[in-house]
Amino acid sequence: MCGRIRPRWVLFMWRNLFFALMLVSKLSTNAYAHGVVGDYTFLEPLLTQDPAPANELDILAPSWNRSSDANTYSIGSSVEKVLWLDDNHMPRFSIGGGSGWVHQSPFQEPSVQGFEGVTMFAKWAFFYSKEHEFLTSIGMQIQLPTGNTGIQESSHTSLGPTFLWEKGFGDLPNAPVLKYLRPFGIQTDFGYVPAIGGPTHHHMFADATIEYSLPYLSNNVQDIGLKWPLRNMFLFNEINYDQLITGPSGETFPALLATPGIAYISYHFEIAIGTQFALNNAARPGTHAAVLGLLDIFYDSFFPKWGNWTINKGPAE
């Protein structure tokens with residue numbers, strides 16, 4: 001093994017976990033409680049930040065990446081808590097944070113491992129339209145250099161804003177052929193997180209996720225006879241942009257990646273798996289092969305009273 005994670009092992013782990021969780025969720029309701037805007041339920045993307053405030057625990061987010069000079073394996077986790085609901089019981093404000101553990105196995109050097117820095121955020125959904133399945137929010141993100149030297153991206157604190165929005169296509173006409181576009185949805189983010197002091201990088205990123213909801217197809221467009229678990233599946237593809245605007249060696253070239261995948265969403269959790277492909281020369285050396293996963297627990301479905309507690313509403317009834 002030599003400390004390297006092989007993709008076959010990662011796929012085997014996620015395959016077994018995927019089917020085990022689906023068997024558990026088979027007994028639960030088909031209703032959804034997270035990321036809902038109007039009739040559309042948005043998934044939690046692998047890399048794109050979710051615009052909607054939610055009560056979620058990303059308990060397991062593993063990834064394996066083979067670059068031109070190393071194998072990298074990481075396991076991340078994060079938590080988010082809704083603190084404010086409006087009069088329509090729509091989540092409007094949340095806070096959260098997370099970190100991860102990374103193991104790098106360079107081909108020509110000794111392996112290194114350790115924790116990344118801590119990222120914390122606040123998110124405010126300042127506008128939404130249930131009729132048009134649209135929501136937009138702004139946030140603030142802070143990255144603290146609490147991790148291991150050589151693993152974390154920066155040795156200085158970074159702070160910056162994010163802008164996020166999502167849109168379902170359910171307001172398209174329910175006409176022949178055209179109605180099959182209604183299960184599409186899109187989620188996007190844009191962030192600029194400059195370092196606070198020190199000769200270090202200023203990070204800019206943008207992501208977009210296009211998804212197709214088979215639950216929306218069956219429940220809101222036309223029931224084509226899909227059975228469980230296909231009835232709960234989402235197909236998606238992310239386009240990910242990442243760049244260091246300034247840094248010790250100046251500006252870097254923008255890296256563009258495609259991240260296609262598939263997700264299963266139940267009332268209690270989401271499980272997703274995907275891979276990555278380079279879209280430009282700057283991204284190609286870092287992405288020879290990749291496997292990404294996500295297990296997102298909707299903890300307020302297990303603890304509805306205190307999991308749904310907010311400042312203005314108190315515990316759920």
Would a distance-only check, ignoring hydrogens and angles, find a side-chain to backbone donor-acceptor pair under 3.5 Å from [X] to [Y]?
X: E133; Y: G170; result: yes
X: Y40; Y: P183; result: yes
X: N55; Y: D300; result: no
X: T259; Y: Q276; result: no
X: N280; Y: P254; result: yes
X: N312; Y: D86; result: no

Going by atom types only, do [X] and [Y] share a side-chain donor-acceptor pair under 3.5 Å?
X: W165; Y: T188; result: yes
X: H156; Y: S158; result: no
X: S78; Y: D58; result: yes
X: Y299; Y: W306; result: no

Kindly write out the residues that satisfy salt bridge (charged side-chain N to carboxylate O under 4.0 Å, His left out) with [X], not counting sequence neighbours, or none if the list is empty.
X: K179; result: none
X: D69; result: none
X: K167; result: D171

Discussion item. Between F93 and T310, is there a side-chain heavy-atom distance shorter than 4.5 Å?
Written reply: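 With C-beta onward as the side chain, the pair stays apart.
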
Worksheet item: Taking the side chain as C-beta and beyond, is there a heavy-atom pair between Q49 and Q141 under 4.5 Å?
Response: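 Side-chain contact under 4.5 Å: yes.
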
Item to complete: Evaluate the ring planes of F184 and Y212, with Trp represented by its six-membered ring, and classify them as parallel (under 30°), tilted (30 to 60°) or perpendicular (over 60°).
Response: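 Ring orientation of F184 relative to Y212: perpendicular.
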
